[in-house]
Amino acid sequence: MDNRRMTILTINTEPYQDQLPGTSGLRKKVNIFKQLHYLENYIQSLFNTLPDHNGMTLVLGGDGRYYNNIAIDTILRMAAASGFARVLVGCNGLLSTPAASHLIRKNKAVGGIILSASHNPGGPEGDFGVKYNIANGGPAPEKFTDAIHSGACAITEYRTLEEQAPDISTVGIHKLGAMTVEVIDPVIDYAELMQHLFDYDAIRALFATGGFKMMFDAMHAITGPYAKHILEEELKAPDGTVINGIPKEDFGGGHPDPSLKNSPQLVEQVLTANGFDFGAASDGDGDRNLILGRGIFVAPSDSIAIMAANAHHLPGYRNGLAGVARSMPTSQALDRVADQLGIECYETPTGWKYFGNLLDCGRITLCGEESFGTGSDHVREKDGLWAALFWLNLIAVHQKPVAEIVQLHWQRFGRHYYSRHDYYFTNDDEANNLITALKGKLPGLTGQSFLGSTVTLADDFSYTDPIDNTVTGQQGMRIVFDNNSRIVMRLSGTGTHGATLRIYHERYEPDPELQNLDTQQTLTDVIAIAAEISGIHERSGKQRPDSIN
Ligand code: G1P
Ligand code: ZN
């Protein structure tokens with residue numbers, strides 16, 4: 001369609017006061033987004049926050065969840081009315097988060113809009129979300145999202161086009177008013193990037209023997225087309241390696257959050273039946289990863305540490321690592337590797353946006369979070385499929401099973417037993433009261449002993465960005481003990497209702513004889529101490545967490 005006619009409409013609107021982005025974009029129930037002008041208000045506030053987008057390129061796509069296409073249509077028309085020169089949109093509105101990040105960088109776009117609520121369930125009853133990434137390809141920093149929020153609280157009008165947006169179900173170039181809409185293959189550029197990072201010949205050789213079996217669970221979310229193309233077509237893994245590979249609006253009714261609970265087929269085939277050597281999964285928008293080996297689950301905090309210790313074996317990281325970073329609640333396994341490599345390990349607040357400056361300035365090459373997020377300087381987002389390819393390449397290099405790679409790592413560096421317990425509160429106030437009470441207790445904790453462990457540090461984590469000196473406070477309570485055990489407590493910033501308290505437990509074990517015990521049992525004391533200090537059982541009325549990771 002060539003649509004050069006352009007009738008800009010200015011529509012009056014009333015502001016909503018709840019358009020405050022959380023840890024990762026604005027996430028709400030679909031029904032909230034369906035309210036009159038709700039999406040338009042937010043998008044116009046976002047466009048208004050950009051200094052000068054006339055003549056600029058914008059990247060646009062989403063994880064294919066319910067409401068994706070309606071939102072894309074709306075945004076295309078608003079972008080044209082706002083003067084963007086070009087929008088690159090994934091065919092059928094699809095783009096994984098890491099692929100979008102790459103496209104922004106590659107095309108020197110001003111930024112990108114990714115429509116996703118990540119691993120939250122989709123469908124008409126599920127969640128929807130809007131994330132904005134800036135020109136470096138990474139999530140917008142807080143001062144930017146705060147500015148969108150302030151604008152949204154006072155918005156009175158938005159601009160759109162009368163004309164209809166073009167059909168985006170096939171690759172092609174269209175005009176929408178004066179703006180070019182380039183509908184692109186969502187996979188090609190990302191696939192090309194991966195080829196530079198990993199040794200495809202070595203990985204192909206693994207599959208060629210016929211003796212190596214892998215399963216990738218795309219969870220009916222965005223990574224299906226990416227994984228099929230890269231694993232099955234380029235790396236010649238057998239057809240059927242990718243399961244649940246067709247993106248669906250409701251993720252097939254599943255919860256697209258890669259975990260042992262949500263990926264039963266993987267658990268059954270790789271962990272229990274031991275039929276497969278390697279298993280991986282990714283989430284709704286393709287940035288999270290779950291890594292399994294025959295009979296072993298690789299905890300994300302261990303995974304990033306093992307990747308850092310081995311990165312120099314891989315083509316993309318042959319020159320070694322500039323430095324590494326982990327979010328504060330992530331275990332300190334990565335710190336031990338950095339120590340031995342003689343490189344810096346930065347501790348940042350939860351959320352990928354805090355890695356952006358460190359990556360941009362070349363301070364770090366790899367980074368990760370305990371929440372199944374791992375990434376590198378190849379994009380400015382965490383990257384699920386990349387993590388799976390990284391592990392495949394490691395297996396090909398070492399010619400050892402995943403379990404052995406992990407065991408050898410623990411023997412060398414020690415093991416950080418680690419587990420996160422989440423408690424859900426329907427009533428936000430109760431969770432906030434718990435946090436307030438905990439903050440009051442912090443100053444008195446240092447020096448106190450609990451079950452034989454003495455507190456050496458108790459604080460509310462605050463981060464000063466070493467590049468731009470921005471200070472981000474109140475990022476969670478850290479309680480560290482003299483035996484290297486650690487407890488972290490913070491409230492989730494991604495939920496769409498109620499409040500979730502996350503309690504992270506960690507205990508260090510240097511003795512190889514004691515590195516294969518049950519995680520929950522080994523952490524019994526740390527868990528009991530966290531419960532005592534927080535009063536979680538009394539305050540939540542629950543004797544057990546709602547989920548254990
Ligand atoms: C959660 C994770 C965090 C991650 C974020 C976005 O945020 O804990 O590590 O960056 O999702 O994927 P939270 O709900 O804890 O604020
Ligand atoms: Zn995600």
Side-chain angles (χ1 to χ4, degrees), residues 21 24-26 39 42-43 46-47 49-65 68-69 71-116 118 129-141 144-145 148 165-166 168-169 171-176 179-194 222-223 225-226 247 284-287 352-353 356 359-360 375 378-383 385-386:
S24 184
L26 182 71
L39 176 69
Y42 190 72
I43 297 297
L46 161 58
F47 288 167
T49 307
L50 294 170
D52 176 17
H53 47 276
N54 275 307
M56 294 285 190
T57 296
L58 183 74
V59 169
L60 176 62
D63 62 12
R65 68 178 60 223
N68 195 52
N69 285 341
I72 291 215
D73 194 82
T74 302
I75 296 169
L76 281 174
R77 291 164 67 199
M78 289 183 68
S82 274
F84 283 93
R86 182 168 75 132
V87 173
L88 293 176
V89 58
C91 194
N92 286 317
L94 298 179
L95 279 182
S96 78
T97 287
S101 179
H102 176 53
L103 285 168
I104 295 168
R105 295 163 66 74
K106 187 174 169 187
N107 295 283
K108 304 211 169 0
V110 62
I113 298 175
I114 305 168
L115 302 167
S116 171
S118 185
V130 180
K131 298 196 282 180
Y132 184 72
N133 284 25
I134 56 175
N136 77 347
F144 188 96
T145 47
I148 304 179
I168 56 165
S169 63
V171 168
I173 297 182
H174 310 269
K175 277 282 178 194
L176 177 59
M179 185 178 84
T180 303
V181 177
E182 231 176 287
V183 184
I184 55 170
D185 180 307
V187 175
I188 285 178
D189 297 271
Y190 176 84
E192 207 228 327
L193 176 66
M194 293 299 115
I222 191 70
T223 40
Y226 294 86
D285 61 330
D287 57 359
W352 211 258
K353 54 184 173 252
L359 290 162
D360 283 351
H378 69 289
V379 288
R380 292 294 180 274
E381 285 279 4
K382 53 191 180 242
D383 190 341
L385 189 51
W386 166 89

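Counting begins at 1 with the first residue of the sequence. Only this structure's heavy atoms are used, side chains among them; waters, hydrogens and symmetry mates stay out.
- Between P225 and P247 the shortest heavy-atom distance is CD-CG, 3.8 Å.
- With sequence neighbours excluded, no residue forms a salt bridge (charged side-chain N to carboxylate O under 4.0 Å, His left out) with D383.
- Applying the side-chain hydrogen bond (donor to acceptor under 3.5 Å, both in side chains) test to residues at least two apart or on different chains, the pairs with a partner in residues 77-89 are T57-R86, R86-E182.
- Contacts of I134 classified as side-chain contact (heavy atoms from CB on, under 4.5 Å), with partners at least two apart in sequence or in another chain: Y132, N136, A140, P141.
- To the nearest 0.5 Å, atoms CD1 (I184) and CG (N107) are separated by 7.0 Å.
- The side-chain contact (heavy atoms from CB on, under 4.5 Å) check on N92 picks up L94, S169, with sequence neighbours excluded.
- Side-chain contact between I113 and L46 is present, with at least one heavy-atom pair separated by less than 4.5 Å.
- Between atom CG of residue L103 and atom CG of residue L60 there is a gap of 11.5 Å, rounded to the nearest 0.5 Å.
- For P139, the side-chain contact (heavy atoms from CB on, under 4.5 Å) criterion is met by N133, W352, K353, E381, not counting sequence neighbours.
- Taking the side chain as every heavy atom from C-beta outward, D287 and S118 approach each other to under 4.5 Å.
- In this structure, L115 CG and L39 CG are separated by 7.5 Å, a value rounded to the nearest 0.5 Å.
- Put simply, the side chain of D63 gets close to the backbone of R65: a donor and an acceptor are under 3.5 Å apart.
- Nearest heavy atoms, A100 versus L95: CB-CD1, 4.2 Å.
- Considering only residues two or more places apart in sequence or on other chains, Y42 meets the ring-ring contact (aromatic ring centres under 6.0 Å, His included) condition with none of them.
- Here ring pair (Phe, Tyr, Trp, His ring centres under 6.0 Å) pairs that include residues 87-114, with residues two or more places apart or in two chains, number zero.
- Scored by the salt bridge (charged side-chain N to carboxylate O under 4.0 Å, His left out) test, D189 finds K106 as partners (sequence neighbours excluded).
- When all heavy atoms of N68 and G93 are compared, the closest pair comes out as ND2-O, 3.0 Å.
- Of all the heavy atoms in S101 and G138, the pair that sits closest is OG-N, 4.5 Å.
- In terms of the side-chain contact (heavy atoms from CB on, under 4.5 Å) criterion, residue partners of M78 (sequence neighbours excluded) are, by chain and number, E40, I43, Q44, F47, T74, Y158, T160.
- Applying the salt bridge (charged side-chain N to carboxylate O under 4.0 Å, His left out) test to every pair with at least one member in residues 88-102, sequence neighbours left out, gives no pairs at all.
- With sequence neighbours excluded, the residues satisfying side-chain hydrogen bond (donor to acceptor under 3.5 Å, both in side chains) with T97 are K131, D285.
- Between Y190 and Y226, the ring planes are perpendicular. Angles over 60° get that label, and only those under 30° would be called parallel.
- For the pair W386 and L193, the minimum side-chain heavy-atom distance is 4.5 Å or more.
- A distance of 5.0 Å separates CD1 of I72 from CD1 of I168, quoted to the nearest 0.5 Å.
- Annotation for V379 and P98: closest pair CG1-O, 3.6 Å, computed over non-hydrogen atoms.
- Side-chain atoms of S96 never come within 3.5 Å of backbone atoms of T223 as a donor-acceptor pair (strictly under, hydrogens ignored).
- Closest approach of I222 to G286, counting heavy atoms only: CG2-N, 3.3 Å.
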